[in-house]
Amino acid sequence: VTVSVCVRGTWTVDYALYEQAAKLLAACGARLDEAQFAGQVTLPFTLLAGGEQALAQKARELCRGKEVLTLSAPFYAPF
């Protein structure tokens, strides 16, 4: 286990986009925590710092231009 600079984030999507969003997070190197299912699906994740912009761009494309990610300030964590 290596301690790295990471960011935590959440991404809330409609049920129809859940599987695509989860695959996109994995493709960008994010570690997905347990999804929360309510009116929409909230995907909490941890990502190595520096990957936020690439993920945000792909997320906007999937969600047709909407700003959909919430990200924390960078912090050190095992990753």
Side-chain angles (χ1 to χ4, degrees):
V1 175
T2 303
V3 175
S4 302
V5 180
C6 301
V7 292
R8 279 201 184 97
T10 58
W11 185 4
T12 302
V13 296
D14 293 328
Y15 277 82
L17 295 178
Y18 164 64
E19 194 170 319
Q20 289 175 290
K23 286 180 182 179
L24 195 148
L25 286 167
C28 288
R31 292 191 179 163
L32 185 60
D33 297 325
E34 189 172 333
Q36 301 163 6
F37 297 90
Q40 291 184 303
V41 183
T42 299
L43 303 165
F45 61 90
T46 305
L47 179 69
L48 288 174
E52 309 95 318
Q53 293 207 357
L55 174 59
Q57 180 182 356
K58 291 176 182 181
R60 275 192 300 275
E61 289 172 8
L62 182 64
C63 294
R64 297 186 175 104
K66 294 181 186 175
E67 199 63 44
V68 293
L69 299 176
T70 303
L71 299 168
S72 73
F75 65 97
Y76 288 97
F79 193 85

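As the structure is a computational prediction, the values presented were derived from the model and not from experiment.
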Using the test ring-ring contact (aromatic ring centres under 6.0 Å, His included), find all partners of Phe75 that sit at least two apart in sequence or belong to another chain. none

Separation between CH2 (Trp11) and CG (Leu32), nearest 0.5 Å, reads 10.5 Å

Across all chains, not counting sequence neighbours, the side chain to side chain donor-acceptor pair (under 3.5 Å) partners of Thr42 are Thr12

How would you list all residue pairs meeting salt bridge (charged side-chain N to carboxylate O under 4.0 Å, His left out) that involve residues 8-26, not counting sequence neighbours? Glu19-Lys23

Restricting to non-hydrogen atoms, name the atom on Leu71 and the atom on Gly9 that form the minimum distance, rounded to 0.1 Å. CD2-CA, 4.0 Å

Could you give the side-chain donor-acceptor pairs of residues 50-68 under 3.5 Å, partners two or more places apart or in another chain?
| unit_1 | atom_1 | unit_2 | atom_2 | d |
| --- | --- | --- | --- | --- |
| Glu52 | OE1 | Gly50 | N | 2.6 |
| Arg60 | NH1 | Glu67 | OE1 | 3.3 |
| Arg60 | NH1 | Glu67 | OE2 | 3.3 |

Return the minimal non-hydrogen interatomic distance between Pro44 and Ala35, and the atom names on each side. CD-CA, 4.2 Å

Which residues end up grouped with Leu48 if you chain together Ile, Leu, Val, Met, Phe, Trp and Tyr wherever their side-chain heavy atoms are less than 4.5 Å apart? Phe79

When every non-hydrogen atom of Leu43 is compared with those of Phe45, the smallest separation belongs to O-CD2, 3.4 Å

Can any side-chain N or O of Tyr15 pair as donor or acceptor with the backbone N or O of Ala38 at less than 3.5 Å? yes

Write out all pairs satisfying salt bridge (charged side-chain N to carboxylate O under 4.0 Å, His left out) with one or both partners inside residues 26-51, taking only residues at least two apart or from two chains. none

Could you list who else is in Tyr76's hydrophobic cluster, with ILVMFWY side chains joined at under 4.5 Å, directly or through other members? Val3, Val5

